[in-house]
J.: 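Can you read through this structure? Questions will come right after.
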2 protein chains.
Amino acid sequence: MSSQLDDFKELLRNSGNSVTLPRLAVFEVLTKHEALSMQELYQRLAGQIDRATLYRVIELFEELEIVHRINLGWKYKIELAETFTGHHHHLTCLGCGTVVPINESKLEDFTKQVASEHNFRASRHQFEIQGYCAKCQAKD
Amino acid sequence: MSSQLDDFKELLRNSGNSVTLPRLAVFEVLTKHEALSMQELYQRLAGQIDRATLYRVIELFEELEIVHRINLGWKYKIELAETFTGHHHHLTCLGCGTVVPINESKLEDFTKQVASEHNFRASRHQFEIQGYCAKCQAKD
DNA sequence: TTACTTTTGCAAATTTGTCGCAATTAATGC
DNA sequence: GCATTAATTGCGACAAATTTGCAAAAGTAA
């Protein structure tokens, strides 16, 4: 049986990349959290790796589709990609910041259809709903 | 009959904000373009206003929902909000940055349904497709 | 026009993301 | 294991993007 960690290492090796300490560290932090900003990620790594390295690692992880960026207004956060988490879209609470993953396969077909109507080749899509969770609604 | 410009001025006044030259200038530029980055916006304003002011104006416009940001991977662009343009989503080209608005009412119902399933009160949603436009596909 | 409040421009500080390069670490063949 | 080779890292310097304090200028209301 193969663990997520093994899948990750294999993915690196198969693409001609080394399995290094910084890469393992970043991956480990990501498996423990829903979605993190660069800031948060850097802080969680607590001096284990350099900031420039973090950016380079995330850049590589994106190419290999190990992670994705999700956008929240000005900012973005990093999270593990579908291969590792199995979901795609999000409901985010404007009150407390909670991110709830949602899985909506209907959107896949929808995306393809819209893209082809405009002669685009869609390589990714993003669907985000922002609002207030039950708890935050209760506070009002 | 009220113009977009009048609506805009009223919106500012009703919220206790002044109608100033910089604000008018930014609004005018935005009415003339689909979606602009801060860079582009600043350049279009050609020295009419300071960079810091631009950021402050955009911040205010966002609060008043005069504009919103649309996300393109790492980056974002500014565009007039639904009140002024009619609610829409986007197809963005990862090659050249072109933004094509799409209007998909199906998503409204969809959003409501998903939100209620999770006991969320949805206040806004965002649907973005990223890919390559016909021109950029041809370049490969 | 005056008196009062808000907004702006400027300059400086932060924050965020990049780059080149020498030192270090991982992978490979023995 | 050990040496060789290639990939990766950390560091310091940059560059770009965004924020802040404050005095001067512009907008508002009477």
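Every chain is numbered from 1, with letters handed out A, B, ... down the list of sequences. Here the structure is a predicted model, which means the values were calculated and not measured.
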J.: Quickly work out the A:L12 CG to C:dT25 P distance and round it to whole Å.
T.: 19 Å
J.: To check you understand the geometry: which heavy-atom pair defines the closest contact between A:H118 and B:V100, and what is its length?
T.: ND1-CG1, 3.8 Å
J.: Between C:dT6 atom P and B:E59 atom CD, what is the distance in whole Å?
T.: 16 Å
J.: Rounded to whole angstroms, how far apart are CG on A:L24 and C1' on D:dT8?
T.: 13 Å
J.: Please work out which residues in residues 41-50 of chain B have a non-hydrogen atom less than 4.0 Å from an atom of DNA chain C and list them by number.
T.: B:Q48, B:I49, B:D50
J.: Please report, rounded to the nearest Å, how far the P atom of C:dT16 is from the CD1 atom of A:I58.
T.: 15 Å
J.: So that I know where these two stand, are A:Y55 and A:Y42 an aromatic pair - ring centroids less than 6.0 Å apart?
T.: no
J.: Within the structure, does a side-chain N or O atom of A:N17 lie under 4.0 Å from either OP1 or OP2 of D:dT8?
T.: yes
J.: With the side chain of A:A52 defined as its heavy atoms from C-beta on, choose the nearest nucleotide among D:dT18, C:dA27, D:dC11.
T.: D:dC11
J.: Five pairs at each end of the helix from C:dT1-D:dA30 to C:dC30-D:dG1: take the axis at both ends and give me the angle between them to 10°.
T.: 50°
J.: If you compare every side-chain N and O of B:R13 against the phosphate oxygens of D:dG27 (OP1, OP2), does one of them come in below 4.0 Å?
T.: no
J.: Nearest whole angstrom, please: distance from the P of D:dA17 to the CD of B:E40.
T.: 11 Å
J.: Any side-chain N or O of B:T53 less than 4.0 Å from the OP1 or OP2 oxygen of C:dG9?
T.: yes
J.: Roughly how far apart are A:Q48 CD and A:E28 CD, rounded to 0.5 Å?
T.: 8.0 Å
J.: Counting just side-chain N and O atoms, does A:Q39 come under 4.0 Å of either OP1 or OP2 of C:dT15?
T.: no
J.: From CG of B:L54 over to C1' of D:dT20, roughly how many Å is that when rounded to an integer?
T.: 16 Å
J.: Please examine the side chains of A:F127 and B:T111, heavy atoms only from C-beta on, and report whether any two atoms are closer than 4.5 Å.
T.: yes
J.: Does some side-chain heavy atom of B:L60 sit less than 4.5 Å from a side-chain heavy atom of B:L12?
T.: yes
J.: Regarding C:dG9, can its base be found pairing with the side chain of B:R51 as donor and acceptor, where the two atoms are less than 3.5 Å apart?
T.: no
J.: Given side chains that start at C-beta, do those of B:L41 and B:I58 come closer than 4.5 Å, heavy atoms only?
T.: yes
J.: Any donor-acceptor pair under 3.5 Å joining the side chain of B:R23 to the base of D:dG27?
T.: no
J.: Which of the following nucleotides, C:dC10, D:dA7, D:dG27, is nearest to the side chain of B:R56?
T.: C:dC10
J.: Determine, for A:E40 against A:R44, whether the closest basic-nitrogen to carboxylate-oxygen distance falls under 4.0 angstrom.
T.: no
J.: Indicate whether OP1 or OP2 belonging to D:dT18 is found under 4.0 Å from a side-chain N or O atom of B:Y55.
T.: yes
J.: Heavy-atom distance under 4.5 Å between the side chains of B:F110 and A:L107, does that happen here?
T.: yes
J.: When the distance from CG of A:L60 to C1' of D:dA7 is rounded to whole Å, what number comes out?
T.: 11 Å
J.: Could you tell me which non-hydrogen atom of A:R23 sits nearest to which non-hydrogen atom of A:N17, and how far apart they are?
T.: NH1-CB, 3.8 Å
J.: What is the distance, to the nearest angstrom, from the CG atom on A:L21 to the C1' atom on D:dG10?
T.: 14 Å
J.: Minimum heavy-atom separation for A:F120 to B:G131, with atom names?
T.: CD2-C, 4.2 Å
